[in-house]
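Notes follow once the structure below has been shown.
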Amino acid sequence: MGVKHGREYNDIWQDLIQALGKIPDRYIFFEMEEEDWARLGEKDRLEVDEALAEDLFYALGSEKMISVGSGVVIHDQELHRLNILIGDDELDFVSLI
C-alpha cells in the first residue's frame, strides 16, 4: 500500500535512498553481515539500498516506525515526511508532499 504522498514516487524514492545511505549499518535490515556488505561493489550496494527504500516506503504505510541497523525510520503523518534517525539525532528526512 505505501505511505500517502503528493510528490512523485520516484523523487521520494531517490531521496529516501540518499537518506538511508547515512545509516552506516543499514545492511543489517537484510540480515547481512558487515563482511558481506564490505565485499559488495558500489553497484550492488546501490541495488540493496534501492530495495531497502522500496521495502520501507511500502511497509511504512502500515507501520509507524521501522528499525534499520542502528537507525530508525519514522513515518510522521502530521508533517507528511519520513524521518531518519540514529538515537535522538535526526540524520535526514524525506518530504512526502
Side-chain angles (χ1 to χ4, degrees):
M1 177 175 202
V3 297
K4 290 185 178 182
H5 59 286
R7 291 176 61 207
E8 289 291 326
Y9 170 77
N10 194 55
D11 294 340
I12 294 169
W13 182 64
Q14 290 294 328
D15 288 349
L16 187 53
I17 291 167
Q18 292 291 334
L20 292 169
K22 297 177 181 178
I23 302 174
D25 57 354
R26 60 196 177 278
Y27 53 83
I28 293 173
F29 182 84
F30 290 116
E31 299 179 357
M32 292 178 71
E33 297 293 328
E34 184 176 4
E35 297 81 26
D36 296 329
W37 179 253
R39 281 193 288 263
L40 292 178
E42 188 174 327
K43 182 179 179 199
D44 291 329
R45 285 185 184 191
L46 178 59
E47 287 180 10
V48 171
D49 288 344
E50 289 172 345
L52 176 58
E54 188 168 335
D55 288 355
L56 289 173
F57 182 84
Y58 288 101
L60 288 165
S62 59
E63 299 289 325
K64 179 179 167 77
M65 179 176 62
I66 299 176
S67 295
V68 178
S70 59
V72 65
V73 181
I74 301 170
H75 178 203
D76 185 333
Q77 293 177 320
E78 291 180 20
L79 295 177
H80 306 285
R81 63 190 235 172
L82 304 177
N83 297 310
I84 295 84
L85 299 94
I86 290 184
D88 292 333
D89 297 329
E90 182 175 82
L91 296 176
D92 209 341
F93 71 91
V94 175
S95 177
L96 299 170
I97 55 174

>> Do His5 and Ile97 have side chains that approach each other closer than 4.5 Å (heavy atoms only, starting at C-beta)?
In response: no

**Q.** Donor-acceptor contact present, side-chain Arg7 to main-chain Ser95, <3.5 Å
**A.** yes

- prompt: Does the side chain of Met32 come within less than 4.5 Å of Leu40's, by heavy atoms?
  reply: yes

**Intermediate values then yes/no, side-chain contact (heavy atoms from CB on, under 4.5 Å), Tyr9 and Glu54** = CA-CA 10 Å; Tyr9 170 77; Glu54 188 168 335; 3.6 Å; yes

On a heavy-atom basis, the closest approach of Ala53 and Leu16 is O-CD2, 3.5 Å

Original post:
If we only count heavy atoms from C-beta on, is the Glu63 to Tyr58 side-chain gap below 4.5 Å?
Top reply: no

task: May I ask you to say whether Asp76 pairs ionically with Arg81, meaning some side-chain N is under 4.0 Å from a carboxylate O?
output: no

Rounding to 0.5 Å, atoms CD (Gln77) and NZ (Lys4) come to a distance of 8.0 Å

In terms of heavy-atom contacts, Ile86 and Gly71 come closest through CG1-CA, 3.8 Å

Item to check | Derivation and outcome, side-chain contact (heavy atoms from CB on, under 4.5 Å), residues Ile84 and Glu90 | outcome: CA-CA 6 Å; Ile84 295 84; Glu90 182 175 82; over 6 Å; no

The reported gap from NE2 in His75 to NE2 in His80 (rounded to nearest 0.5 angstrom) is 8.0 Å

Are any non-hydrogen side-chain atoms of Leu96 and Leu82 less than 4.5 angstrom apart? yes

Would a 4.5 Å heavy-atom cut-off, applied to side chains only, mark Ile23 and Phe29 as touching?
no

| task | Examine Trp13 and Phe57 and state if one hydrophobic cluster contains both, with Ile, Leu, Val, Met, Phe, Trp and Tyr joined whenever side-chain heavy atoms are less than 4.5 Å apart. | result | yes

Scanning both residues in full, the closest heavy-atom pair of Ile28 with Gly69 reads CB-CA, 4.0 Å

To the nearest 0.5 Å, atom CG of Leu20 lies from atom CG of Leu91 at 10.0 Å

Here the gap from Leu46 atom CG to Ile17 atom CD1, rounded to the nearest 0.5 Å, amounts to 6.0 Å

Separation between CG (Asp36) and CZ (Phe30), nearest 0.5 Å, reads 13.5 Å

OG (Ser67) and CD1 (Ile74) are apart, to the nearest 0.5 Å, by 9.0 Å

**Request:** Give the intermediate values and the outcome of side-chain contact (heavy atoms from CB on, under 4.5 Å) for residues Leu52 and Leu56.
**Result:** CA-CA 6 Å; Leu52 176 58; Leu56 289 173; 3.8 Å; yes

Does atom CD (Glu34) have a neighbourhood of more than 12 heavy atoms from anything else shown, all under 6.0 Å?
no

Classify the ring geometry between Trp37 and Tyr27 as parallel (under 30°), tilted (30 to 60°) or perpendicular (over 60°).
-> parallel

